[in-house]
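What follows is one structure encoded as structure tokens, with my remarks underneath.
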Amino acid sequence: MLERNLVIFGPPGAGKGTQAQKLTALINIPHISTGDMFRTQIKNKTALGLKAKAFSDKGSLVPDEITIAMVKDRLSQPDIAAGYLLDGFPRSVPQAEALQAILETIEKPIRAVINIMVTDAEIFDRLKKRAQIEGRMDDADPNVIQNRIKTYKEQSEPCLDFYRPRGLVKDINGLGTIEAVFQRISEALDLY
Ligand code: AP5
Ligand code: MG
């Protein structure tokens, strides 16, 4: 079965963005990354961007009410008719609960949560490399990377307990080449 309402989940540097791009190119659904949305707002120095920057520079979560409102607005756009891939949202239990209510209203229930698993050592290695290529503020300082991992474990990982009993979580080994990980995701979603 072709799954079209999807969430891609995992710690910083797990490969959510990388795999999301490949997946959305293949199945032609919008890639909705809250991290990318915040970075655009920060770059454009909008009021939302200024608020978000204070949190994202430290590697902490932007407050739920700001993030939920932004996603709710995005999910009201007509381009999600054939599905969506949420990347980096939800990442707190209140966000997961709010998302559930939004999706009930628009009748677009999640079909699968792709949970990409990597080790902390791999996260540091990947983000240190990316810091030299992309210049993301939150990659430059190892303390900020550490706080992103801590934030993930404390606030985001519990979302899996929300989705697992609903039978939605597909655990994916995120180590290995980008192609190997994509192959595992494609198999888990039955894309072949
Ligand atoms: P966000 O942008 O979502 O950052 P993140 O979760 O820390 O994750 P990354 O984007 O760093 O990693 P990724 O998993 O996408 O991996 P990628 O594919 O890039 O969030 C940033 C901030 O915004 C948050 O800290 C928070 O402040 C705020 N925010 C966002 N969403 C929020 C929310 N819902 N609520 C509140 N606040 C929110 O890969 C990483 C690197 O590894 C790349 O260089 C890539 O090329 C490389 N790579 C990928 N796969 C492989 C592989 N298999 N082998 C080797 N290298 C690989
Ligand atoms: Mg990302």
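Each ligand, and each atom within it, is numbered from 1 in the order the structure gives. Here, residue 1 is the first one in the sequence, and each next residue gets the next number.
Residue Arg39 has at least one heavy-atom neighbour below 4.0 Å for each of these atoms of ligand 1: 2 (O), 21 (C). Of all the atoms in ligand 1, the ones that sit under 4.0 Å from a non-hydrogen atom of Pro11 are 14 (O). If you number the atoms of ligand 1 from 1 as listed, the ones under 4.0 Å from a heavy atom of Thr67 come out as 33 (C), 34 (N), 35 (N), 36 (C). Of all atoms in ligand 1, listed by their number and element, those nearer than 4.0 Å to a heavy atom of Gly88 are 31 (N), 32 (C), 33 (C), 34 (N).
Between the side chain of Asn147 and the main chain of Lys58, a donor-acceptor pair closer than 3.5 Å is present. A distance-only check finds a donor-acceptor pair linking the side chain of Thr34 to the backbone of Gly88 [under 3.5 Å]. For the pair Arg184 (side chain) and Asn173 (backbone), a donor-acceptor distance under 3.5 Å is present. With Gln19 contributing its side chain and Ile178 its backbone, the two residues share a donor-acceptor pair below 3.5 Å.
Of the candidates Phe38, Phe55, Phe182, Phe38 brings a heavy atom nearest to atom 38 (C) of ligand 1. Of the candidates Gly17, Ser92, Ala52, the one placing a heavy atom closest to atom 15 (O) of ligand 1 is Gly17.
Given atom 40 (C) of ligand 1, the protein heavy atom at minimum distance is Arg130 NH1, 3.6 Å.
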Q. How far apart are the C-alpha atoms of Asp139 and Arg126, what are their side-chain angles, what is the distance that settles it, and do they pass the salt bridge (Lys or Arg N to Asp or Glu O under 4.0 Å) test?
A. CA-CA 10 Å; Asp139 288 343; Arg126 289 184 188 177; over 6 Å; no
